Amino acid sequence: MTSEFIVLGGAEEIGANSTYLNLNETGFIVDAGLHPQKRDRNALPHYNYIEYKPTDAFVLTHAHTDHLGGVPYMMKFNPHVRMIATRPTRDLCEVMLQNTVKLLRREAPDDIPKDTLSLYDYTVLERMNMLVEGYRYEENITVTGSHGLSDVQVRLYDAGHILGSASVLFTVEGKTVLHTGDIQFTKQDLLPGASLPRHHVDALIMECTNGATEHALTRDEEKQRLADFINMVSDRGGSVLMPTFALGKTQEVLKLLHSLMQAGKIPTLPIYSGGMSRKISSIYDRYCYAVPRVQPGFELTDIPQRDIIWEELYTGDYFREPSIVVASSGMMNVGSTSFLMVQRWMRTPNFGIAFTGWLDPNSPGYELLHSPKNESFIFAGRKAKRKCDVEKFRFSAHATREDLIGFVLDVKPKKLFLIHGDTEACESIGAQILQELPQTKVCIPQLGKSYTLFD
Ligand SMILES: [Zn+2]
Ligand SMILES: [Zn+2]
């Protein structure tokens, strides 16, 4: 039986994530991302590697831009593929891709060819909504490839990462491959954590975002640190800016702030949030009973929030009264709300900035976090000075190193492919598994190289 695995983007990094699987001549593309920072030839996946191979279905694990942002580009090369996702992911696609269009137009990336940029057109995106088939978790999906020698069964499992996120189990001729997508086993504030089968699989393709981070503080310890930080800043009359990804992290952070206020751990301060994250929150609310939740029925739109007004980024009321501002982007990408807002924010000594997620080492957010207080530094290519406090908190939507290893030990794959993490993260997990499961073949796949899934 033919079994082939090729990484088309996101090998040894978190980038334009996309992978290809050939299962007995039925071809699958899993995810098609846009790199969060790069705007060169690695900004989008490399579909030239599969030009002459069968492609029958596209499976989207979740709607984060590093998995979804390359979909219009993928469709150019593979216009005939069936598109498979969960229902919430299908709903989130529209909002997220519209934002990608806006982002690419604003950045005017010189290194992305014009004909590629032209694919990012609002009318194309509207059509996408009709093309994506939305499924429930654990529903049986049969894919019959046009040249396939046998049907492939596909099942989407709750990956616990963000609303609608899925791990994908493929079964063909009795052989199984599990692609984790982005995964979180531990309960967050809204989502209860992944629900995956823990039986043996022949091949496991696993994300490794936190693979090199050992024994991080627990979520409760981080919550306490955040509460202490907010109290310190608001006690001296300042406001806290939380640069946060619009999809997933914002909703978790809103619930977290709401819980801290309800428990009296922080004062009831005005919370400001942006338009795009509001749209996403309402999609979260649409599924407040339909998909597993820590607190079924809880609606984010019930949390009192004020609008971040674009024209008032430098003059809003948060500059006059202690407030919490939850603004995208999480990495303070140039031109984003958090990037613009921070220009005045960082010069205000009694204010604070609380980062909540992963920061690409090339991002403005990373530069700011590592900048010396009250000294000049270079921020997105310009000279700046930070007078406010800045702190980073870990509310990861990705599994801990310990949980990832525990999962591999349970499913005992014959082959393990490690993706979606930097080299250190992938190697660190790989080394541990080689020690504990000597029968398992461990592979850190290279971009564009073909590997066999089953021997
Ligand atoms: Zn993700
Ligand atoms: Zn990702």
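Because the structure is predicted, anything quoted here is derived from the model rather than measured. Numbering of ligands and ligand atoms starts at 1, following listing order.
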(request) Decide, counting backbone as well as side-chain atoms, whether Asp182 has an N, O or S atom less than 2.8 Å from the Zn ion (ligand 2). (result)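 Of the N, O and S atoms in Asp182, at least one lies under 2.8 Å from the Zn ion (ligand 2), which means yes.
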(message) Using 2.8 Å as the threshold, say whether any N, O or S atom from His398 sits that close to the Zn ion (ligand 2).
(response)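 No, outside the cut-off.
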(message) Within the 4.5 Å heavy-atom criterion, are Thr142 and Val152 side-chain neighbours or not?
(response)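 They are not in contact (no side-chain heavy atoms under 4.5 Å apart), so the answer is no.
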(message) So that I can tick it off, tell me whether Glu133 and Arg90 are bridged by a salt bridge, with the cut-off set at under 4.0 angstrom between side-chain N and carboxylate O.
(response)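 Judged by the 4.0 Å cut-off on N to carboxylate O distance, Arg90 and Glu133 do not form a salt bridge.
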(message) Less than 4.0 angstrom from a charged side-chain N to a carboxylate O is my criterion; do Asp410 and Arg198 meet it?
(response)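 Yes.
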(request) Angle at the Zn ion (ligand 1): provide the value between ND1 of His64 and NE2 of His161, rounding to 10 degrees. (result)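 Rounding to the nearest 10 degrees gives 90°.
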(request) Would you name the N/O/S atom of Asp66 that lies closest to the Zn ion (ligand 2)? (result)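 Looking at Asp66, the N, O or S atom with the least distance to the Zn ion (ligand 2) is OD2.
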(message) Other residues, nucleotides and ligands only: do more than 12 of their heavy atoms fall within 6.0 Å of NZ on Lys265?
(response)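 No - once you tally the heavy atoms of other residues, nucleotides and ligands closer than 6.0 Å, there are 12 at most.
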(request) Confirm or rule out an N/O/S atom of His67, from backbone or side chain, lying less than 2.8 Å from the Zn ion (ligand 1). (result)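 It does not; every qualifying atom lies at 2.8 Å or beyond.
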(message) Looking at every non-hydrogen atom in both residues, tell me the closest pair between Ile6 and Ser450 and how far apart they are.
(response)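 The pair with the smallest heavy-atom distance is CG1-CA, 3.9 Å.
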